[in-house]
Amino acid sequence: MVKNIAVLVSGGGSNFENLALKSAEAGFEIKILIADSPDAYAVKRAEKLNIPHIIIDRSKYSAKKEFETAVTEAVSNFNIDYIVLAGFMRILSAEFINFYKNRIINIHPSLLPSFKGRNGIEDAYNYGVKVTGVTVHFVDAGIDTGKIIAQTAVIIEEDETLLSLEEKIHQAEYELYPAALKKVLDGGV
Ligand code: GAR
């Protein structure tokens with residue numbers, strides 16, 4: 001049966017768009033896109049793709065709890081099976097994570113547990129590792145610490161630039177994220 005997902009974003013939304021385009025073959029439907037800022041380009045993509053979307057502007061809420069309550073309310077309007085983070089750059093509270101226990105999934109642009117945090121690609125590049133990659137994982141109360149669902153390695157060549165590495169990482173993400181979601185939804189994780 002097709003599973004319903006909500007996608008949370010903060011920015012460009014290229015992973016969101018990729019998931020939308022591959023949703024039928026991966027067995028899910030994006031019921032709602034939630035952006036935490038009106039500047040998130042992902043909203044434009046949702047308009048073009050005709051996917052319901054809502055902006056819950058984090059800057060309009062003084063407390064994280066109120067922001068998360070608004071997100072929970074938006075999600076509750078749909079029969080959502082999983083919350084999928086795609087470039088969502090905020091740390092969710094333990095309360096929110098527990099509410100959706102084992103039903104929040106994230107993509108991170110490094111081979112976790114290396115290079116956690118906001119700048120996974122750049123941190124790996126600057127460190128000088130020869131292999132980095134992409135990780136899809138369940139979200140737990142730590143930062144980028146939840147159970148790993150799938151990973152892809154990306155080689156950093158001698159003449160690699162940060163830009164070319166970013167491009168390679170994104171291409172790896174576009175393959176890995178729909179496949180990893182499909183695995184979860186099929187009950188394989
Ligand atoms: C992606 O590379 C994703 O892995 C990363 O943000 C980018 C979003 O790109 N997420 C994190 O770094 C989470 N810590 P997109 O908006 O074009 O999909």
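Residue numbers start at 1 and run along the sequence shown. As the structure lists them, so they are numbered: ligands from 1, and atoms in each ligand from 1. Remember, it's a predicted structure, so these values are computed and weren't measured experimentally.
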Practice problem: Considering heavy atoms of the protein only, find what lies nearest to atom 8 (C) of ligand 1 and give residue, atom and distance to 0.1 Å. | Solution: G87 CA, 3.6 Å
Quiz item: Hey, what do you get for CG (L181) to CD1 (I5), rounding to the nearest 0.5 Å?
Solution: 6.0 Å
Practice problem: Could you tell me if any non-hydrogen atom of S10 lies under 4.0 Å from any atom of ligand 1? | Solution: no
Self-check item: Minimum non-hydrogen distance to atom 10 (N) of ligand 1, winning option of V136, I107, I91, I121
Solution: I107
Self-check item: Nearest-neighbour protein heavy atom for atom 9 (O) of ligand 1, which is reported as residue plus atom name and distance
Solution: N15 ND2, 3.9 Å
Quiz item: Is the closest heavy-atom distance from H170 to ligand 1 below 4.0 Å?
Solution: yes
Self-check item: Any pair counted as salt bridge (Lys or Arg N to Asp or Glu O under 4.0 Å), so long as it reaches residues 103-125, sequence neighbours left out
Solution: none
Practice problem: Could you give me the CA-CA distance, side-chain angles and deciding distance for F16 and V84, then say whether side chain to side chain contact (heavy atoms under 4.5 Å, CB included) is met? | Solution: CA-CA 9 Å; F16 154 68; V84 170; over 6 Å; no
Quiz item: Which atoms of ligand 1 sit under 4.0 Å from any heavy atom of G117?
Solution: 14 (N)
Quiz item: So is S14 polar-close to ligand 1, meaning N/O to N/O under 3.5 Å?
Solution: yes
Exercise. Could you tell me the residue and atom name of the protein heavy atom closest to atom 5 (C) of ligand 1, and the distance to it rounded to 0.1 Å?
Key: P109 CD, 3.9 Å
Quiz item: For ligand 1, is there an atom lying under 4.0 Å from some heavy atom of V9?
Solution: no
Exercise. Taking the side chain as every heavy atom from C-beta outward, state whether K22 and E175 have any atom pair closer than 4.5 Å.
Key: yes
Quiz item: Just distances here: any N/O of E173 and N/O of ligand 1 closer than 3.5 Å?
Solution: yes
Quiz item: atom 13 (C) of ligand 1: which protein heavy atom is closest, and how many Å away?
Solution: M89 SD, 3.8 Å
Quiz prompt | Within residues 31-45 or reaching into it, pairs that qualify as salt bridge (Lys or Arg N to Asp or Glu O under 4.0 Å) - sequence neighbours excluded | solution = E17-R45, E29-K31, D36-R90
Quiz item: Given the rule in the side chain to side chain contact (heavy atoms under 4.5 Å, CB included) test, do V134 and Y177 qualify, once you have shown the distances and angles that lead to the verdict?
Solution: CA-CA 9 Å; V134 175; Y177 213 2; over 6 Å; no
Quiz item: Under 3.5 Å, N or O to N or O, is G13 touching ligand 1 that way?
Solution: yes
Quiz item: Is I121 linked to Y127 within one hydrophobic cluster, defined over Ile, Leu, Val, Met, Phe, Trp and Tyr using a side-chain heavy-atom separation of less than 4.5 Å?
Solution: yes
Quiz item: Taking the inter-plane angle between the rings of F67 and Y61 on a 0 to 90° scale, is it parallel (under 30°), tilted (30 to 60°) or perpendicular (over 60°)?
Solution: perpendicular
Quiz prompt | Point-to-point distance, once rounded to the nearest 0.5 Å, from CD1 of I34 to CD1 of I55 | solution = 11.5 Å
Quiz item: Which of the numbered atoms in ligand 1 are below 4.0 angstrom from a heavy atom of G12?
Solution: 16 (O)
